[in-house]
Each structure stands twice: as structure tokens, then as C-alpha cells.
Amino acid sequence: MIRPWWPRSLHWTGEPSNLSPSQRAGIVAAAASVPTSLVPLLRPRTATDQGLITGLSSALDYALTSGMHEAVLSTSRGVLRLVGRSTDVRTTARTTLLVDAIALATSLAARTWLERGSGAGTARALAAALARRTGSAAAFGLVAGGLDAVPNLEGQRHPLTRVLHTVPVAVAAGATLTVVGLELRRRRARAAGAALGHRTAPTAQSLGVAVLAATGAAAISAVEREIATGAERVIARATGTPGYGSGISHVVSIGVIGGALAAVGARVISSVERSVSAPDPALTEAPRSAQVSGGPGSVVDWAPLTREPRRHLAARTSAARIQEVMSEPAQEPLRLYVGLTSAPTPADRVDLAMAELERTGALDRSLLVLCSPTGTGYVNHAAAAAWEYLSRGDCATLTMQYSIRPSLMSLDRVDDGRRQNHALWMALAEALGSRPPQRRPKVVMFGESLGAHTGQDPFLHSGTRGMRALFIERALWLGTPYISEWAREALEAADGNVRPGEVVRIARAEQIDDLDAPARDAARYVLLAHDDDGVALFGLELLYRSPAWLGRDRPTAVPAQAGWSVPTTFLQTAIDTKNAMDVVPGKFTALGHDYRADIARAVRFAYDLPCTDAQLEAIEATLRREELERAAAWG
């Protein structure tokens, strides 16, 4: 055996807790993630939310850092074996520091090259994220290794070394690094006059939740390691080459755990579907109006409809109420809805929708609103009532359901929603094309949240030209999810598929008044998304790329001292997305994912439906009152 070239006095002894260099680097990283997790991002957090973010961030940072650090050390050992330096390369304080320094320098150089310019593709961003994570692991390894690099005296550890090697010191070192960095960023932001968010104060409850979350993550990690160890033994016996099946064994263990989680998830989804689709006791009887689906003469049967379709149809505004609010003559509006449970196939559901249009004479109305609902089939009640008031009842609303789960559980149904919507709108375009222009209604589109995504997706790569080809003249989308590629394409279009000024993005309804006359006249397709709406900002890219909304032109809702950190930013935005959907019946706000306070003005502008300011105020007051009435009736 070749004698190691480093002094034996620097061999890693693991005193007093037998922690490896990678484990200690992970501890420093976990501690460093705590101050970052306390910085507010988009929405206020409960103690439980803060605890989940802190606990999961710490656990994931520990796992990612220790795993990456071990990979760096393993790579260095492999290189030494290849060059014949040693057949028994052991980890030492000196070699660990040297490897970490080389890895840090290499990762910084790689990041500088990979992050050059703007608009880097996904592959380049992923490579840059890998380099960033490698550099972080190396940096934390340097901190941890530096605490243990004091030379031994006469074969015994120096008392100072014993103190520096303790876990509390590693935790304090990691936390101090981040606190200092946050304070420097805060001072620079304050000097620039930027708005600062207040730090979320940890409570006993949040700390308790953090410990539980971290413990749970650590337990899953321990289970994964045990499964991987068992799999590696099997691989070693089968191949006769021990030590070469670790990568495959981890894939096997992750597959086992993933399969178990998938089975649990399927049961949860099934339970949620039953819960959210159960009809309200107050809406068991079919409607008596022929102006809605499920009523007399309708080809859509009331019995199979789930909760949200029934609520939407039951909430139709009567002509009498429209006349009372608008102080003008009105007619009975039409609400047509084909549920996912109304027919077995998308083609059958499209046939039902076209039959409903024919039965009710919907194409003879002046306004036809095509709605793509959220995952459960929900259509914003305030929005539907707003265009019924503003059109004086001379409108028809058509909706087709593609899922019965909440939107977060319906992401796998986006393709279904896109294909079904496209099939319906193609059939509708054929019917409209057979009519003379003067007998065609103004066709507009509405979608909120996942409904906005599934409404936009059929026109990916065709901008607004594809919509105009199908006679869709205008649209209003609320809280478009970040994952919608159409929205980004349309706002940045330079290929002629979007006319100048045709697509406009606003953060609140008040910004409509800030548009000059030419901009208001050009606008046809309106994207309304609040600056603090997590749905419009949350995406998987947060795991490997810093978002634009954390850059120089960040919205006012995002505090200046907030920065991008993996995985903390991803977890913070996920929690803020959940909190963005908290609403109180009758209390309309323009915050997060609640667009009720914007709706009446946004509908008037997007669909070009004129009314006086007094009528608009009356509509807004009525929408609040109606919501309270529905809450009392449906519970």
C-alpha cells in the first residue's frame, strides 16, 4: 500500500460525534438556511407555515449539501486512484480543505460561463444550478473543515479544536454567515430607498413544527438509505463486485418510496374527489328555468353534475335583479354547463355543448362567454354575474368541465382540458362561420387560475391570431399560473402572431385608468395578476433558476432583501401560493389570488361593456351581497 503523503496527525477522527466532513458541511448549510427562511416573500405566514418552511429547508439543505459534498470527495478519491496516488485514500482535514477549495473555484468558473447573457435555456440553467449547488457544498465544507483544521499537539487534540469541532459551533457558524449576508443586503436596499419586508418572528409553535418537519424528512432519508443499503448488498452478491451498485441502489430505493407515496397519493386524490364533488343539500332538485343546463328541455342531465357545475348554474342572475341594479330593461341570461360526468368522452361532451347552444338560441345573444373552469369545475361567481349585469342579460355563458379535483391536484388534467376546449371551440367556430357577421355574437373568453392555463394552452405558438381565427375577440384571465407558456409568449411576441398592444398585463384594476387612450383601444386580451399572487409566480424553475420577480425590477410586494435560495425560495413560494387563495365571503380584496375586488372593472374593460360609474358601484355592492347570500344558502 502506498503511504499517504499527508501527516497522520491530520486524519479525520470524527471526535466527539463521529461526523464525517460531509455531514458537518450539511449541518452548517442547514443552519444557514434558517435565517433565509424567515425573510418574508409574498404573503404573511402562520406559525405552522413558517415551521414547515424552516424545517423542510433545513432538512433538504442538509441532504443536498452533504450528498453533494460526498460526491465531490468521492470524485477526488476516484481521480487519485486513477493516477495511482494511493490505494487507500482516507479523508483528512487537509485533503478535504484542498478538495473543497478546488471544487469551489471550479464551480465559480463554471457558473460565470453558464450564466453569461440572458435567456439561457433550461439545460444551461440546470447545469448552472448544479454548479451553484456544488459551490455551496464546497463553501460549507470549507467552513466546517476550517473549524477542525487546527493542528494536533503531541498527538492530542488542542482544547480549542475540541470546542470548534462541536455541532453547536457548526450551527452558529452557518447561521452567522447568512445573517451577515442578509444584513448587508438589507442595508444596501435601505440605502437605495427600496421597501423592506419585516422578518417573520419564530414562535414556539413554528419551532416545534420545524423540528417535526425536519425529523420527518430525516426519517424518510434514513429509510431511503436502509433500502439502498439492502439493494446494494443484493447487487453485490449478484455481480460479485461490491461497492459499484450504490447509484443503482439509490434509484431502487427512491423507486420503492416513490411507489409507496404514489399509492398513498392515489387514495388521497380519490377521497378529495368524493369530497369536493358531493352536491350541496340545497341543490339536489333540478332547476326550473329553461335558460340553464339541467333545466326543462336541457340535454344535460342534472343528476350526474358535481358540486361546482350545480352552483354555477344555480347562481344565474335573474332578469328582474339585473333590471333592479342597472335601472334598465333586461332579459334572462343563459348559463350552459356540460360536466365531466355528463358524458363519457370529450367528443360526446362537445356534442352536448353544441346541442345546448342550439336549444337555447345562445348564438343569437350579443355576448357569448367561453369559460374554462378551475380544476374542480369552479367558475368565479362574481365574474359571471358581472358580465350578466353589464350585458343587461343579453349574454350566454358556456362551460365544459375537464376535472373534479382541486387545481393543484389537476395539473395532470391540463392536456385533457386543452384538447377538450380546442375541440369545442373548433366546433363553435364552424357554427359561427356559417352565419353572416351581423348575426354572430361577440365571443369572449374567461379563465381563472388553472382555467386560465387550460384556456390559453390551445393557442400556444399561435398567439392571438389563433383566437381571432376562431372568432374569439376578447379575453380576461385572472391569476394565470406561472406554468402557462402562452402568456409569456404573447407578452414577448415578435413573430406577428400578436398585434401591438393587443395583450396587456395589469397587476390591479386601478391600472386600467393609467392606460392612455390608444393603449385602452388596442387592448383585447387582458392578463390580470396581482404582484403577490403565488399562483402567478410559483413554478418548478425556482429549483434551478432565479426568477425575474426577484431581480432588479421586482414587484413592490416582494421585499428588497429577499433573494433566491434553493430550496428555500421554492418552499416559501409554495406556502405563499397556498395562502394566496384564502378568501372571506363578502369581503372582497385585491390581494394574492383573490380577484373579486377587481372583477367588475376588469370585466367592463376587457369585454368593452359600457356602464356608468354609478352602475359599476351598484354592481360591486350587489356582488358582495350575493356572495353572502350564497354562503348562507350553501354553507
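None of these values were measured; they are calculated from a predicted model. Residue indices begin at 1 and follow the sequence shown.
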Distance-only side-chain donor-acceptor flag, Thr589 / Asp594, under 3.5 Å: yes
Checking salt bridge (charged side-chain N to carboxylate O under 4.0 Å, His left out) for the pair Arg508/Asp598: CA distance, chi angles, key distance, verdict? CA-CA 7 Å; Arg508 58 187 187 279; Asp598 301 290; over 6 Å; no
Quick check, are the ring centers of Phe570 and Phe538 under 6.0 angstrom apart? yes
dist Ile506:CD1 -> Leu528:CG (nearest 0.5 Å) comes out at 5.0 Å
Within the 4.5 Å heavy-atom criterion, are Glu627 and Arg596 side-chain neighbours or not? yes
Pair Thr54, Ser37: side-chain N/O donor-acceptor within cut-off below 3.5 Å: yes
Pairs where residues 368-379 contributes a residue and the test salt bridge (Lys or Arg N to Asp or Glu O under 4.0 Å) is met, not counting sequence neighbours: none
Quick one: do Phe471 and Trp425 satisfy side chain to side chain contact (heavy atoms under 4.5 Å, CB included)? Show the steps, please. CA-CA 9 Å; Phe471 303 102; Trp425 298 336; over 6 Å; no
Answer with yes or no whether the side chains of Ser410 and Ser403 bring together a donor and an acceptor at under 3.5 Å. yes
Test log, rule salt bridge (charged side-chain N to carboxylate O under 4.0 Å, His left out), inputs Asp49 and Lys578: CA-CA 10 Å; Asp49 291 339; Lys578 173 185 73 71; 3.3 Å; yes
Donor-acceptor contact below 3.5 Å, side chain Gln401 vs main chain Gly339: no
Should the pair Arg488 and Tyr482 be classed as cation-pi, given the thresholds of under 6.0 Å to the six-membered ring centre and 45° from the axis? yes
Tell me whether Arg405 is salt-bridged to Asp412, with the criterion being a basic N under 4.0 Å from an acidic carboxylate O. yes
Heavy-atom neighbours of Leu543 CG exceed 12 at 6.0 Å: yes
Under a 4.0 Å N-O cut-off, is there an ion pair linking Glu430 with Arg435? no
Of all the heavy-atom pairs spanning Ala423 and Val350, show the shortest one and how long it is. CB-CG2, 4.0 Å
Does Arg124 make a cation-pi contact with Trp113 (under 6.0 Å, within 45 degrees of the axis)? yes
Between Glu388 and Arg316, does a side chain to side chain contact (heavy atoms under 4.5 Å, CB included) hold up when you go through it step by step? CA-CA 8 Å; Glu388 288 174 340; Arg316 183 186 67 94; 3.9 Å; yes
Check whether the side chains of His593 and Asn579 place a donor and an acceptor atom closer than 3.5 Å, and report yes or no. no
Are Pro441 and Leu432 packed together at the side-chain level, in the sense that at least one heavy-atom pair is separated by less than 4.5 angstrom? yes
Residue pair Arg307, Thr376: steps toward the side chain to side chain contact (heavy atoms under 4.5 Å, CB included) verdict: CA-CA 8 Å; Arg307 180 184 300 172; Thr376 59; over 6 Å; no
Is there side-chain contact between Thr317 and Tyr389, with at least one heavy-atom pair below 4.5 Å? yes
Side chains of Asp394 and Ser391 only: does a donor on one sit below 3.5 Å from an acceptor on the other? no
So do Val526 and Phe605 actually touch side chain to side chain, heavy atoms under 4.5 Å? yes
Quick one about Asn421 and Tyr402 (side-chain donor to acceptor, distance below 3.5 Å, no hydrogens or angles considered), yes or no? no
Check whether Arg413 reaches the backbone of Ser407 with its side chain - one donor and one acceptor, N or O, closer than 3.5 Å. no
Scan side-chain atoms only and decide if Arg310 and Thr306 contain a donor-acceptor pair under the 3.5 Å cut-off. no
Determine whether Gln420 and Arg349 make a side-chain contact, defined as any pair of heavy atoms from C-beta on separated by less than 4.5 Å. yes
Answer yes or no: is there a donor N or O on one side and an acceptor on the other, between the side chain of His530 and the main chain of Gly592, under 3.5 Å? yes
I need the single residue from Phe588, Tyr595, Trp634 that forms a ring-ring contact (aromatic ring centres under 6.0 Å, His included) with His381. Which is it? Trp634
Taking it one step at a time, do Glu356 and Ser293 satisfy side chain to side chain contact (heavy atoms under 4.5 Å, CB included)? CA-CA 7 Å; Glu356 283 288 88; Ser293 294; 2.7 Å; yes
With distance as the sole test, does Thr612 use its side chain to make a donor-acceptor pair with the main-chain N or O of Gln615 at under 3.5 Å? yes
When you measure from the side chain of Glu489 to the backbone N and O of Trp486, does any donor-acceptor pair fall under 3.5 Å? no
To the nearest 0.5 Å, how far apart are CE in Met445 and CD1 in Ile472? 3.5 Å
Heavy-atom nearest pair, Gly361 first then Leu334, reads C-CD1, 4.5 Å
For the student: nearest non-hydrogen atoms of Leu470 and Ala429, plus distance: CD2-CB, 3.7 Å
As an exercise, state the distance from CG of Leu428 to CG of Leu398, rounded to the nearest 0.5 Å. 7.5 Å
For the atom pair CG (Leu367) and CD (Glu473), what is the distance rounded to the nearest 0.5 Å? 9.5 Å
Can you name the nearest heavy-atom pair linking Leu42 to Asp531, along with the distance? CD2-O, 4.1 Å
Flag side-chain contact, heavy atom, 4.5 Å: Leu336 against Val292: no
Is the distance from the ring center of Trp549 to that of Trp564 below 6.0 Å? no
Heavy-atom side-chain proximity of Thr399 to Val338 below 4.5 angstrom: no
Do any N or O atoms from the side chain of Asp516 and from the backbone of Ala519 form a donor-acceptor pair under 3.5 angstrom? yes
Verify, without hydrogens or angle tests, whether Gln511 (side chain) and Ala507 (backbone) share a donor-acceptor contact under 3.5 angstrom. yes
Ignoring hydrogens and angles, tell me if any N or O in the side chain of Ser318 forms a donor-acceptor pair with the backbone of Arg321 under 3.5 Å. yes
By the salt bridge (Lys or Arg N to Asp or Glu O under 4.0 Å) test, which pairs, at least two apart or in different chains, include something from residues 437-456? Asp364-Arg439
Side chain Thr397, main chain Ala384, donor-acceptor under 3.5 Å: no
Consider side chain to side chain donor-acceptor pair (under 3.5 Å). Of Glu328, Gln323, Gln331, which one does Arg392 pass it with? Glu328
Quick one: are Asp532 and Asp576 in side-chain contact, heavy atoms under 4.5 Å? no
Using the benzene-type ring in the case of Trp, are the ring centres of Trp387 and Phe446 under 6.0 Å apart? yes
Passing candidate, salt bridge (Lys or Arg N to Asp or Glu O under 4.0 Å) with Glu620, options Arg601, Arg625, Arg604: Arg601
Passes salt bridge (charged side-chain N to carboxylate O under 4.0 Å, His left out), Arg624 versus Glu629? Steps please. CA-CA 9 Å; Arg624 289 178 171 85; Glu629 292 171 354; over 6 Å; no
Could you check whether Thr454 and Ser372, counting side-chain N and O atoms only, form a donor-acceptor pair closer than 3.5 Å? yes
Side chain Arg524, main chain Ala606, donor-acceptor under 3.5 Å: no
